[in-house]
Amino acid sequence: MALDHAGYRREGAADPDTPVRATIVLRPRDSTIGAELLSGKYDPSMHAAVGAHDDAVATVEQFARAHGLTVEESDAPARRVVVSGPVSRMSAAFGVAFSSFVSPDGAHYRGYDGELRLPPEIAPYVMAVLGLDTRPVAHR
């Protein structure tokens, strides 16, 4: 899903050397859990603890390293792989262009344009990629 930057002023391309830390959320082995999570109907009491597919973590780690990203954490039971690297490498890995934006109240954030692109070898394993943008999503 592309980000909506309506109401925000684009300042230009994000600094390619800016560090980015992202969490790649993996799909659970039980395919019904993903749909329940996304629909808001997930009840953990109805499912045994289910981690990621056996090959998911290794395949996603291989993808990250092939793009020059650092794998900071891998957790199959929690279904996540945390990666880091500069904007330039994240851009190449996920096929998006990063820009700097300013909100109407003057807050600065990093965002991206376009849809995230995942190669076919990892796409079946990935539920979400979080942390590529720094726009606040909640306010007090």
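- Few gaps surround CD on Glu121; more than 12 heavy atoms of other groups in view lie less than 6.0 Å from it.
- A salt bridge does not link Arg89 with Asp17: every distance from a Lys NZ or Arg NE/NH1/NH2 to an Asp or Glu carboxylate oxygen is 4.0 Å or more.
- Thr134 contributes a side-chain N or O that, together with a main-chain N or O of Arg110, makes up a donor-acceptor pair within less than 3.5 Å.
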Quiz item: Could you walk me through whether Asp75 and Val81 pass the side-chain contact (heavy atoms from CB on, under 4.5 Å) check?
Solution: CA-CA 6 Å; Asp75 189 335; Val81 176; over 6 Å; no

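- Electrostatic pairing of Glu115 and Arg117 does not count as a salt bridge here, judged by no charged N lying under 4.0 Å from a carboxylate O.
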Quiz item: side-chain contact (heavy atoms from CB on, under 4.5 Å) between Thr70 and Val83: does it pass, once the steps are laid out?
Solution: CA-CA 5 Å; Thr70 300; Val83 298; over 6 Å; no

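- Expressed to the nearest 0.5 Å, how far CZ of Arg9 lies from OG of Ser100 amounts to 11.0 Å.
- Placement of Val82 and Val87 in two distinct hydrophobic clusters is found when ILVMFWY residues are connected by side-chain heavy-atom separations under 4.5 Å, directly or transitively.
- Atom NE2 in His108 sits 8.0 Å away from atom OG in Ser103 (nearest 0.5 Å).
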Exercise. Give the intermediate values and the outcome of side-chain hydrogen bond (donor to acceptor under 3.5 Å, both in side chains) for residues Ser99 and Glu11.
Key: CA-CA 7 Å; Ser99 296; Glu11 289 195 315; over 6 Å; no

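- A donor-acceptor contact shorter than 3.5 Å links the side chain of Ser91 to the backbone of Val96.
- In this structure, Tyr112 has its ring center no closer than 6.0 Å to that of Phe101.
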Exercise. Apply side-chain contact (heavy atoms from CB on, under 4.5 Å) to Phe94 and Ile24, showing your working.
Key: CA-CA 11 Å; Phe94 295 107; Ile24 301 170; 4.1 Å; yes

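- Heavy-atom minimum distance, Pro16 versus Pro86: O-CB, 3.4 Å.
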Quiz item: Under the side-chain contact (heavy atoms from CB on, under 4.5 Å) criterion, do Glu72 and Arg21 qualify, and how do the steps go?
Solution: CA-CA 9 Å; Glu72 292 187 8; Arg21 187 170 192 260; 2.6 Å; yes

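- Taking the side chain as every heavy atom from C-beta outward, Leu116 and Val126 never approach each other to under 4.5 Å.
- When atom types are taken as modelled, the side chain of Thr59 and the backbone of Ala56 share no donor-acceptor pair closer than 3.5 angstrom.
- Atom CG of Leu118 is separated from atom CZ of Phe63 by 6.5 Å, given to the nearest 0.5 angstrom.
- Between Tyr125 and His53, the two ring planes are tilted [angle within 30° to 60°].
- In this structure, Glu61 and Ser74 have side chains that are in contact, with non-hydrogen atoms separated by less than 4.5 Å.
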